[in-house]
Structure formats: C-alpha cells, structure tokens
Number of protein chains: 2
Amino acid sequence: MVEDQKEVDRVFHALSNQTRRGMVRQLSGGECSVGDLARPTRMSFAAASKHVQVLEKAGMVNRRVEGRQHICSLRPDPLREASEWLSFYEKFWAGNLDRLARVVEADMKKEKK
Amino acid sequence: MVEDQKEVDRVFHALSNQTRRGMVRQLSGGECSVGDLARPTRMSFAAASKHVQVLEKAGMVNRRVEGRQHICSLRPDPLREASEWLSFYEKFWAGNLDRLARVVEADMKKEKK
DNA sequence: CTGATCTTCAACCATGTGGTTGAACGTAGA
DNA sequence: TCTACGTTCAACCACATGGTTGAAGATCAG
C-alpha cells in the first residue's frame, strides 16, 4: 500500500464539497462539458471551473478539449483508492464483534454520565 | 439515503488531512487520550487538540473525560456512511456502466428538493 | 499546599478556499 | 469578417485552516 498521502488528501478534500460531489455524480452518468457541470449549480462559470480543476488535480477527472468545449470524464481510480482506505475500517461496523463490543461499551459509558 | 450533506462535508474534510487519518488509524487500534494522539505527530498539543475537535465535530470521535485525560474512541457510523457514499461508485470502476447510469438516475429523483 | 501533568483557550499569522466580477482567449457559425 | 459562445484568468473579498505561543483550568502526586 504505497499511498501517496498528498493525493489522498486531495481526493478527500475534493469530496468534502457538495457541489463537487454533485459533479462526480453527474459525471458518473457519462461525460459532459464544464458548462454542463456548471449549469445545475447556481454559481458563475468561473466558480464551477475552479471546482472542476479541484477534481482534476485530485486525479478524479480527465479533460479533453473539443472545439470550444472542455469535455470531462470520471477517472475511477482515485475513488476506488479512497474507498479502499475507508473499507479498512469496515471491521468497526461489520463482523469484528470484539472491536464492536469495545466501541459499544465506550458509548454506554458516555451515556451514563 | 437521508444524507445530511453538511455532515458528509465534515467527514470528508476530516479525512482530507494526513494527521487526522493517522489519528483515525490509531484509534482503530483502541481508545486513547488526546496526548496519545498528539505524541506521534510532531506538533504542539494545542494543534493536535484542534485536529481531535475536527474529528469530533464530524461525529467520528467520542470523548469522555477521565481525570485529567480526555479519552477518545472511534465512532464508526460516519465512516460507514462515507464508505457507502463511495461504494455507490464501485459499479463505475467495476465496469458496469449501464447499471450505474440507472442507479444514478433513481437516486437523483429521490434526492430532488 | 506545591508542583507537575493533561488539556483547552485566546491571540496571532500565513496560506488556502469558495465565491464574485470583468477581461481575455479560442472556436463556431452567420 | 463580425458576433456569440465556452472557458479560463486575474484580481479581489470574506472566511476557514493549520500551525504557533503563552496563559489558564483541572487534576493528580508528594
């Protein structure tokens, strides 16, 4: 697991904004232009363009220029890596009863006071 | 999927920092005090304390005060929700594009506001 | 009580974020 | 050509982030 931590930072940061998550969702339905991504948001094209650049720098979006349009598509790899990072902790909410028991116990102590 | 978008923002933001991911990893090995979380980082206690607060506000960490120590434990729910958000796109990198498109469409209808 | 320990708080600083506006650029179409 | 379109860039703004330091609050040990 040779995670590039800076890239992981960028991916989670990119996902920490609702507008950008909306763009990811839209792109998961197929390629579209920056304008297509900007339209459902109520901000300026410039602002939407910046969001696309954040996704791009996180490696989550590819862009190709076609005439005057910039066509974006989703690159799934960083999403998969982020998902793998999280699934490491799956043992907390599934399957590993010992750890789960500890968590529950801590929770009960907290509620007692 | 009744996502509180602000909470999702906070969870991904909390994960977008290597120091905080390290704390999550450490906490996954069991409860520990703020000091225990601060020690492996090379920053001041105050800085580490702020990081813990970010995790707390994201709902990922519980704290109970025991004497002069603040004992932290991992709360798995927000991690699970983030993981579910991501795994929604698993179909994307697993290659079943038609199915993804259909699921996305259904989800967008559900989230219409 | 005294002093050490664990933690937070307040103030400060440099830098980043998310948005705006207005200008500029390249391309498409009349 | 001239105009409209899609996009970015540059400058700016308010606010958040991630770090520091120094002081202050509790709590424990002697």
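Chain A is the first sequence line, chain B the second, and so forth, proteins listed ahead of strands; every chain is numbered from 1. Side chains are part of it too, since the values below use all heavy atoms of this structure and drop only hydrogens, waters and symmetry mates.
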Can you tell me how far P of D/dA26 sits from CD of B/Gln69, to the nearest Å? 18 Å

Between CG of A/Asp9 and P of C/dT15 the distance, given in whole Å, is 19 Å

Length of the line joining A/Leu55:CG and C/dT17:P, which is rounded to integer Å: 13 Å

So, does A/Arg21 use its side chain to make a donor-acceptor pair with the main chain of B/Trp85 at under 3.5 Å? no

Tell me whether the side-chain N/O atoms of A/His13 come closer than 4.0 Å to OP1 or OP2 in C/dT17. yes

Distance-only, no hydrogens or angles: does the B/Arg64 side chain make a donor-acceptor pair with backbone N or O of B/Ile71 under 3.5 Å? no

Evaluate side chain to side chain contact (heavy atoms under 4.5 Å, CB included) for B/Arg80 paired with A/Tyr89, printing each intermediate quantity in order. CA-CA 8 Å; B/Arg80 196 195 62 234; A/Tyr89 297 97; over 6 Å; no

Separation of atom NZ in A/Lys6 from atom P in C/dG16, rounded to whole Å: 12 Å

Looking at CE of B/Met23 and CG of B/Leu74, how far apart are the two atoms once the value is rounded to the nearest 0.5 Å? 12.5 Å

Stems of at least 3 consecutive Watson-Crick or G-U wobble pairs (donor-acceptor distances under 3.5 Å) involving DNA chain C, listed by first number, are C:1-30 with D:1-30

Reckon B/Thr19 touches a base, only the sugar-phosphate, or nothing at all at heavy-atom distances under 4.0 Å? nothing

In whole angstroms, the gap separating C1' of C/dT27 from CD1 of A/Ile71 amounts to 13 Å

Does B/Arg42 have any salt bridge (Lys or Arg N to Asp or Glu O under 4.0 Å) partners at least two apart in sequence or in another chain, and if so, which? none

May I have the distance from B/Asp36 (atom CG) to C/dT5 (atom P), rounded to whole angstrom? 15 Å

Do any side-chain nitrogens or oxygens of A/Ser33 fall under 4.0 Å of OP1 or OP2 in D/dG6? no

The criterion is salt bridge (Lys or Arg N to Asp or Glu O under 4.0 Å); which residues satisfy it with A/Arg39, sequence neighbours excluded? A/Asp36

Can you list, by residue number, the residues of residues 37-48 of chain A that have a non-hydrogen atom closer than 4.0 angstrom to DNA chain C? A/Met43, A/Ser44, A/Ala46, A/Ala47

Under 4.0 Å between a side-chain N or O of A/His51 and OP1 or OP2 of C/dG19? yes

Establish, with yes or no, whether the OP1 or OP2 oxygen of D/dA26 is under 4.0 angstrom from a side-chain nitrogen or oxygen of B/His70. no

Does A/Ser83 have any side chain to side chain donor-acceptor pair (under 3.5 Å) partners at least two apart in sequence or in another chain, and if so, which? none

B/Gln53 CD - D/dA16 C1' separation (whole Å): 15 Å

Both B/Lys50 and B/Gly35 contact DNA chain C. Which one's nearest nucleotide lies toward the 5' end? B/Gly35

B/Arg25 NZ/CZ over A/Phe88 ring centroid, <6.0 Å and within 45° of normal: yes

Tabulate below the donor-acceptor pairs under 3.5 Å that side-chain atoms of residues 54-62 of chain A make, not counting sequence neighbours, or state none.
unit_1	atom_1	unit_2	atom_2	d
A/Glu56	OE1	A/Arg63	NE	3.3
A/Glu56	OE1	A/Arg63	NH2	2.7
A/Glu56	OE2	A/Arg63	NE	3.1

Keeping the roles fixed (side chain from B/Ser87, backbone from B/Glu90), state whether a donor-acceptor pair exists under 3.5 Å. no

Rounded interatomic separation in angstrom, taking CZ from B/Arg10 and C1' from D/dT17: 16 Å

For the base of C/dT5, is there a side-chain donor-acceptor partner from B/Arg68 under 3.5 Å away? yes

Taking only the side-chain nitrogens and oxygens of B/Asn17, find out if one of them lies under 4.0 Å from OP1 or OP2 of D/dT17. no

